Amino acid sequence: MTQKTSYHDPVLLKESVDGLNIKPDGVYVDVTYGGGGHSREILNRLGPGGRLYAFDQDPDAQRNTIDDDRFELIPENFRYIKRFLRLYGYKKVDGILADLGVSSHQFNEADRGFSTRFDARLDMRMNQKSTVDAVSVLNTYEEQDLRRIFKHYGELRNAPRIAREIVAARKHHKIETVQDLKKICAPLVPARIENKQMAQVFQAIRIEVNQEMEVLHEFLVQCQDLLLPGGRLSIISYHSLEDRPVKRFIRNGMFEGEPEKDIYGRVSVPFKKVGGLIVPSPEELKKNNRARSAKLRIAQRTDQV
């Protein structure tokens, strides 16, 4: 049965938790707690001796904590997973789950500035304590840096022009709200694809504000050390920027290049993939439109630890 919360509908719930191949007395980590949907399902499958640790840096998510002696919610960014698990006495775990991207709650809260649907201050911080928000990016970054962000994180062909127009506009008026940014971008693209382009612009800024790609890379490298032989990694991504490094790292333990072969032509890799790519069923897509771009990849830690 799909678990729903008012905060966030967990995507690929059964499939992602099935992928962990849970042992009743194992130790598991949900690094993107959000509304707690995936965590609750993991706890349902754990026995009295099992343990679940969850990470979420967002105070809104932290208010959803679960009252269960087997559960601990750590109010930190999951880029620090190794450090904080060691504080709780764990150097190795049996499984790690990540549901990347932005929660429905964050998109639906107007004052968080994640969505193009509301005219609010451009914030986009997942960690409200962070000093860098979307306003500071748009008003202080050099033109070449804005161009890089829109090109690499937004995959926008007209990234140079968007960056140029933002720099020109902020000379006359500080860019502070969603409407300010929309007004700058509107003349740069045909109306028929305006919504798609604005979504890409917002994605680019959000990824920069939250250092999402750096966090993902750091996290994956630590998973290699944290998982026990046979331990499982279950990762849901929502766009190609996330999915590509996940896919590559699962395949060969690297983000670029290829692993070295030994004298027999063999390579030593930290993971082996489990099954193929999993996407939401038509039934899930009817219930939850946000799941439409979700991709689940599952991997198992090899014995080469």
Side-chain angles (χ1 to χ4, degrees), residues 11-12 16 19-20 29-32 55 57 76-85 91-93 95-102 126-127 132 137 144-157 159 200 203-262 265-279 293-305:
V11 174
L12 290 164
S16 60
L20 293 175
V29 189
D30 175 358
V31 298
T32 47
F55 283 76
Q57 62 187 338
E76 296 289 344
N77 189 309
F78 63 87
R79 76 192 307 170
Y80 306 121
I81 179 173
K82 204 170 174 182
R83 180 193 308 176
F84 281 93
L85 286 177
K91 292 183 179 180
K92 299 285 182 182
V93 297
I96 301 170
L97 182 145
D99 181 10
L100 304 173
V102 183
M126 293 179 182
N127 180 357
V132 177
V137 168
Q144 65 265 29
D145 292 320
L146 291 171
R147 188 164 59 237
R148 169 185 58 81
I149 291 165
F150 293 129
K151 180 181 177 183
H152 295 304
Y153 297 159
E155 300 182 295
L156 288 151
R157 292 181 181 177
Q200 290 172 276
Q203 173 182 291
I205 299 167
R206 189 200 82 222
I207 289 173
E208 176 67 19
V209 166
N210 297 289
Q211 297 187 307
E212 291 177 37
M213 298 315 299
E214 293 92 335
V215 169
L216 178 58
H217 284 210
E218 290 173 25
F219 161 70
L220 288 169
V221 169
Q222 290 175 82
C223 286
Q224 180 177 317
D225 296 329
L226 280 168
L227 282 167
L228 287 160
R232 293 285 187 90
L233 182 61
S234 186
I235 301 185
I236 304 167
S237 60
Y238 292 88
H239 53 77
S240 58
L241 290 175
E242 293 171 337
D243 186 53
R244 278 196 297 264
V246 170
K247 182 180 179 180
R248 281 190 62 86
F249 198 78
I250 286 174
R251 189 176 71 209
N252 59 24
M254 301 173 72
F255 300 113
E256 293 179 355
E258 297 297 328
E260 289 185 13
K261 295 179 179 179
D262 65 16
R266 297 173 303 197
V267 295
S268 174
V269 294
F271 295 103
K272 64 177 181 181
K273 71 174 185 174
V274 177
L277 178 68
I278 299 171
V279 296
S293 55
K295 293 179 177 180
L296 169 63
R297 297 187 187 274
I298 299 162
Q300 182 169 306
R301 187 68 170 96
T302 63
D303 293 334
Q304 299 155 358
V305 178

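These numbers were taken from a predicted model, which means no experiment stands behind them.
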Looking only at heavy atoms, which two atoms of [X] and [Y] are closest? And how far apart?
X	Y	answer
Met254	Glu256	CE-O, 3.3 Å
Ser240	Pro245	O-CD, 4.3 Å
Gln57	Asn127	OE1-CB, 3.2 Å
Tyr238	Ser293	O-OG, 3.3 Å
Gly253	Gln224	O-OE1, 4.3 Å
Val31	Ile81	CG1-CD1, 3.7 Å

Below 4.5 Å, heavy atoms only, C-beta onward: do [X] and [Y] meet side chain to side chain?
X	Y	value
Val215	Asn210	no
Ile298	Ile250	no
Leu227	Val93	yes
Glu208	Arg148	yes
Leu216	Val246	yes
Leu226	Val29	no
Leu241	Glu155	yes

[atom1]-[atom2] distance between [X] and [Y], expressed to the nearest 0.5 angstrom:
X	Y	atom1	atom2	answer
Ile278	Arg297	CD1	CZ	10.0 Å
His239	Gln200	NE2	CD	11.0 Å
Ile96	Phe55	CD1	CZ	9.0 Å
Ile149	Leu156	CD1	CG	11.5 Å
Ser237	Leu296	OG	CG	8.5 Å

> side chain to side chain donor-acceptor pair (under 3.5 Å): which pairs involve residues 212-223, sequence neighbours left out?
Replying inline: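 Sorted result for residues 212-223: Arg79-Glu218, Arg206-Glu212.
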>> Set out, in order, the CA-CA distance, both residues' side-chain angles and the distance that settles side chain to side chain contact (heavy atoms under 4.5 Å, CB included) for Leu220 and Phe271, then state yes or no.
In response: CA-CA 11 Å; Leu220 288 169; Phe271 295 103; over 6 Å; no
> Can you list the steps and then say if Met126 with Asn77 is a side chain to side chain contact (heavy atoms under 4.5 Å, CB included)?
Replying inline: CA-CA 9 Å; Met126 293 179 182; Asn77 189 309; over 6 Å; no
Within the distance-only criterion (no hydrogens, no angle test), does the side chain of [X] pair as donor or acceptor with the backbone N or O of [Y] below 3.5 angstrom?
X	Y	answer
Thr302	Val269	yes
Ser234	Leu97	no
Lys247	Glu242	no
Arg232	Gly19	yes
Gln203	Tyr153	yes

> With under 30° as parallel and over 60° as perpendicular, where do the rings of Phe249 and Phe255 fit, or are they tilted in between?
Replying inline: parallel
